[in-house]
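Chain letters run A, B, ... following the sequence lines, proteins first and then strands; every chain starts at 1. Just so it is clear, the model here is predicted, and its values are computed rather than measured.
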Amino acid sequence: CVKRVPVTGGRITLTDDEQDIDTRYLGFTVSPHEECAVEEAVRLVEAHGGSTTVLTLGPAAAEEQLRDAMAMGANRAVLIEADGPEWDGGATARAIARVIADHRDAGEAYDLLLFGNESADAGGYQVGIRVAHLLDLPCVTGVKHLEIQDGTAVVRREGPGGFEIYEVPLPVVIAVKEGINLPRYPSIPGRLRAKKAAVERLFMEAPRPALEKVRMRLPQGRDKQVEILGDGATGIERAVEVLGHIGVMQS
Amino acid sequence: MILGLVEHDGGVLPEPSLQMLTLGRRLAERLGEPLAALVIGPDAGPGVDGLAAYGVSVVHHAVDDRLDRFAPGAWAACVADLMGRTGPSAILAAGTDRGNEVMAHVGARTGLPVAANCTEAEPGEPGDPYLVTRLRWGGSLLEDARLHGDVKLLTVAPHAVRAEEGPAAGEWSVGEFSPKLQDADFRVQVARQEARPAGKVSLPEARVVVGGGRGVGSPEGFGPLEELAELLGGVVGCSRVVTSLGWRPHTDQVGQTGVRIAPDVYIACGISGAIQHMVGAKGAKRILVVNTDAQAPILAHADYAIIGDVQQVVPALVSAIKETKSR
Ligand SMILES: Cc1cc2nc3c(=O)[nH]c(=O)nc-3n(C[C@H](O)[C@H](O)[C@H](O)COP(=O)(O)OP(=O)(O)OC[C@H]3O[C@@H](n4cnc5c(N)ncnc54)[C@H](O)[C@@H]3O)c2cc1C
Ligand SMILES: Nc1ncnc2c1ncn2[C@@H]1O[C@H](COP(=O)(O)O)[C@@H](O)[C@H]1O
């Protein structure tokens with residue numbers, strides 16, 4: 001499951017109504033965690049057989065992110081079209097779970113449901129967990145290593161006291177973190193295939209949000225004045241002085 | 001009653017839990033309600049006494065033999081059980097990996113919304129939604145939101161609130177209870193733990209971090225950065241472009257989907273200053289930039305800058321530091 005988000009560069013600009021990021025001049029992507037989720041799915045299918053479906057809930061334009069995932073190797077793409085204001089985590093999870101249950105009832109049951117640990121923009125840390133509960137499946141989050149051994153997912157993540165290892169029989173929901181793999185760059189044939197592939201579309205009515213966005217704000221930045229120490233070699237002497245003042249030259 | 005789920009690290013109360021309790025106490029005072037805490041598992045005992053100083057009047061200690069190894073679903077079941085027994089108006093946890101995970105399970109079990117990583121919470125009149133402020137984009141953006149639900153569930157962003165002791169509650173009690181737990185709550189439970197590799201200073205704790213971005217040019221280009229870090233007793237970090245190119249392992253990545261650092265000085269070389277990178281360096285006390293582009297966005301975050309090529313500036317800096325040290 002992936003979510004379309006803008007690629008913000010050095011700074012964020014908000015729309016006048018403070019409801020969204022002004023995306024007029026921006027490109028779009030998905031969270032690095034989700035890119036890794038797609039890569040992990042594609043690798044598992046390469047190793048064990050099967051197929052990968054990629055799903056998103058978002059505006060019609062989110063088709064672009066589905067095609068990106070198909071260029072990486074996903075076989076099937078589903079877009080839950082939800083124009084209008086952003087859905088909260090609970091509503092998003094209900095919609096996703098419904099589609100997954102429909103696929104199951106149609107004979108297309110998933111062994112593994114992969115999510116990002118948290119979405120890039122909303123950062124709710126919950127959609128995967130909520131989907132797991134709705135489908136009565138176990139769920140492990142924060143996963144940085146995943147292996148499938150005899151129908152069991154053996155996963156590893158960081159915990160407060162070291163690495164935690166979990167062993168959970170499939171089917172299971174897993175939320176991954178960037179670092180679990182290094183996503184591939186899609187090949188040219190992959191891109192061409194993805195361009196022509198079909199995207200299934202569904203429409204769902206926006207529910208009333210239970211976590212209701214009022215407005216967005218930029219955090220107060222520290223007012224900083226940068227001191228240019230110099231151009232190239234001319235800055236070195238001052239830099240050494242500065243490091244001395246900061247007190248990191250003693251070690 | 002406001003209920004706080006307190007994590008415990010072998011008897012030590014972690015800072016994010018104390019920050020959460022500080023926000024919880026403020027809410028409790030506003031509402032004229034007591035502040036209670038929940039601790040879970042057999043090793044929770046030792047830290048409990050420290051909670052009184054934060055204004056906690058009742059500690060509920062969930063005890064069950066099966067709680068010896070962490071199980072997110074079982075922790076959520078403890079919270080849900082206590083919710084049924086004591087009827088809190090809000091439940092808070094720290095916005096840590098564990099806190100966010102357990103609260104999401106609680107939200108999923110109860111069907112209630114969860115506001116993750118809040119920096120502020122305003123209760124309003126009884127029955128009203130809370131007005132919360134929460135982090136988006138890992139903290140690059142703030143959202144004001146109305147949090148609905150009969151019981152308000154939220155986590156408190158680490159380091160958004162300063163942990164402060166408060167007036168101790170008049171009466172103080174610690175009580176054990178046996179939560180209602182089912183086998184299904186243990187479907188996911190730690191099978192075993194592995195120690196983190198010891199030795200090197202870790203990025204989040206390093207006093208000096210030397211960061212490299214695309215401008216470093218190649219994996220070998222990091223050699224001089226390593227040397228600089230070594231000289232200053234620090235470690236090397238990097239941007240996401242660098243990990244995506246396979247130049248450095250992801251464990252070195254600073255930023256929204258990497259590590260958060262808080263050094264005395266962050267020396268950022270050939271890094272443009274994308275918000276997703278800078279949010280990971282928010283804790284840095286000073287930032288020294290090396291960049292060929294005097295207009296790079298990172299200069300807006302910098303205290304000092306050398307405008308120049310990493311490949312020339314960093315080796316020159318290394319020599320100059322060696323020379324100064326040898327004097
Ligand atoms: C949801 C999301 C999460 C992300 N999470 C992270 C994250 O955790 N961490 C992260 O770092 N990024 C993250 N990113 C990516 C981020 O947006 C930027 O793409 C990335 O940080 C840019 O890396 P960079 O500064 O190395 O490269 P660039 O942006 O390409 O900048 C290179 C800089 O090097 C300078 N330069 C070039 N040559 C030289 C030279 N010879 N000497 C000196 N300077 C030189 C240039 O002037 C430029 O400023 C995330 C993006 C998204 C969408
Ligand atoms: N609109 C969405 N469409 C598809 N997947 C989503 C959507 N929102 C969240 N997710 C998935 O759920 C994960 C956690 O999201 P969140 O709970 O918002 O932090 C994300 O990394 C995605 O994998």
### Task
Quick one: pull up CG in B/Leu141 and OG1 in A/Thr8 and give me the separation to the nearest 0.5 Å.
9.0 Å

### Query
Do you know which of A/Ala233, A/Gly244, A/Ala120 has the most heavy-atom pairs under 4.5 Å to chain B?
A/Ala120

### Query
What part of B/Ala300 gets closer than 4.5 Å to chain A, counting heavy atoms only: side chain, backbone, both or neither?
backbone

### Query
So do B/Asp97 and A/Glu158 actually touch side chain to side chain, heavy atoms under 4.5 Å?
no

### Message
Is B/Ala195 in contact with chain A via its backbone, its side chain, both, or neither, using a 4.5 Å heavy-atom distance?
### Response
backbone

### Message
What's the separation between atom CG in B/Leu232 and atom CD1 in A/Ile246, rounded to the nearest 0.5 Å?
### Response
9.5 Å

### Message
Please identify, among A/Gly230, A/Gly90, A/Gly128, A/Gly142, the residue contributing the most non-hydrogen atom pairs under 4.5 Å to chain B.
### Response
A/Gly230

### Query
Taking atom CD of B/Glu323 and atom CD1 of A/Ile236, what is their separation to the nearest 0.5 Å?
11.5 Å

### Task
Identify the two heavy atoms, one from A/Ile129 and one from B/Ala104, that lie closest to each other, and give their separation to 0.1 Å.
CD1-CB, 3.6 Å

### Query
Between B/Glu101 and A/Gln126, does a side chain to side chain donor-acceptor pair (under 3.5 Å) hold up when you go through it step by step?
CA-CA 7 Å; B/Glu101 179 184 35; A/Gln126 54 190 270; over 6 Å; no

### Message
Does any part of the side chain of B/Arg187, heavy atoms only, come nearer than 4.5 Å to the side chain of A/Val168, both counted from C-beta?
### Response
no

### Query
Side-chain contact, heavy-atom cut-off 4.5 Å: B/His105 with A/Arg130?
no

### Summary
Cut-off 4.5 Å, heavy atoms of chain A, and the answer for B/Leu131 is side chain

### Query
Any side-chain heavy atom of B/Gln193 within less than 4.5 Å of one from A/Ile165?
no

### Message
Working to the nearest 0.5 angstrom, can you tell me the gap between B/Arg69 CZ and A/Tyr166 OH?
### Response
10.5 Å

### Task
Heavy atoms only, distances under 4.5 angstrom: which of A/Val7, A/Asp136, A/Val127 has the most pairs with chain B? Name it, please.
A/Asp136

### Summary
Of A/Leu211, A/Val240, A/Asp121, the largest count of non-hydrogen pairs under 4.5 angstrom with chain B goes to A/Asp121

### Query
Is there a side chain to side chain donor-acceptor pair (under 3.5 Å) between B/Gln256 and A/Ser31 once you walk through the steps?
CA-CA 10 Å; B/Gln256 184 176 337; A/Ser31 159; over 6 Å; no

### Task
Please tell me if the side chains of B/Leu142 and A/Met216 come closer than 4.5 Å, counting only heavy atoms from C-beta onward.
no

### Query
Any idea which heavy atoms bring B/Arg196 and A/Gly161 closest together, and the distance?
NH2-C, 4.1 Å

### Message
Under 4.5 Å from any heavy atom of chain A, what part of B/His148 do you find: side chain, backbone, both or neither?
### Response
both

### Task
Return the option, out of B/Ala116, B/Gly308, B/Ala191, with the maximum number of heavy-atom pairs under 4.5 Å with chain A.
B/Ala191

### Query
Which atoms of B/Arg286 come close to chain A, meaning under 4.5 Å heavy atom to heavy atom: side chain ones, backbone ones, both, or neither?
side chain

### Query
Under a 4.5 Å heavy-atom cut-off, does chain A meet the side chain of B/Ile267, its backbone, both or neither?
side chain

#### Entry: Flag side-chain contact, heavy atom, 4.5 Å: A/Val5 against B/Trp137
yes

### Message
How close do A/Phe163 and B/Pro197 get, counting heavy atoms only, and between which atoms?
### Response
CE1-CD, 3.8 Å

#### Entry: Euclidean distance, A/Lys213 NZ relative to B/Arg134 CZ, rounded to 0.5 Å
10.5 Å

### Query
What part of B/Arg192 lies closer than 4.5 angstrom to a heavy atom of chain A: side chain, backbone, both or neither?
both

### Query
Can you say whether B/Val208 sits under 4.5 Å from chain A via the side chain, the backbone, both, or neither, judging by heavy atoms?
side chain

### Query
Does any heavy atom of chain A fall under 4.5 Å from the side chain of B/Leu288, the backbone, both, or neither of them?
side chain

### Per-residue contact mode, B/Asn117 against chain A (heavy atom under 4.5 angstrom)
side chain

### Query
For the candidates A/Arg238, A/Glu178, A/Glu18, which exhibits the highest count of non-hydrogen atom pairs separated by less than 4.5 Å from chain B?
A/Glu178

### Task
Find out whether A/Ile12 and B/Ser140 are in side-chain contact, i.e. whether some heavy atom of one side chain is under 4.5 Å from a heavy atom of the other.
yes

#### Entry: Contact leader toward chain A among B/Val132, B/Thr155, B/Val289, B/Leu147, where contacts are heavy-atom pairs under 4.5 Å
B/Leu147

### Task
Heavy atoms only, distances under 4.5 angstrom: which of A/Pro160, A/Ala239, A/Gly235, A/Pro169 has the most pairs with chain B? Name it, please.
A/Pro160

#### Entry: Proximity breakdown for B/Gln189 and chain A, heavy-atom pairs closer than 4.5 Å
backbone

### Message
Please report the interatomic distance CG(A/Leu229) to CD1(B/Ile306), rounded to the nearest 0.5 Å.
### Response
5.5 Å

### Task
Give, as side chain, backbone, both or neither, the part of B/Pro297 having an atom under 4.5 angstrom from any heavy atom of chain A.
side chain

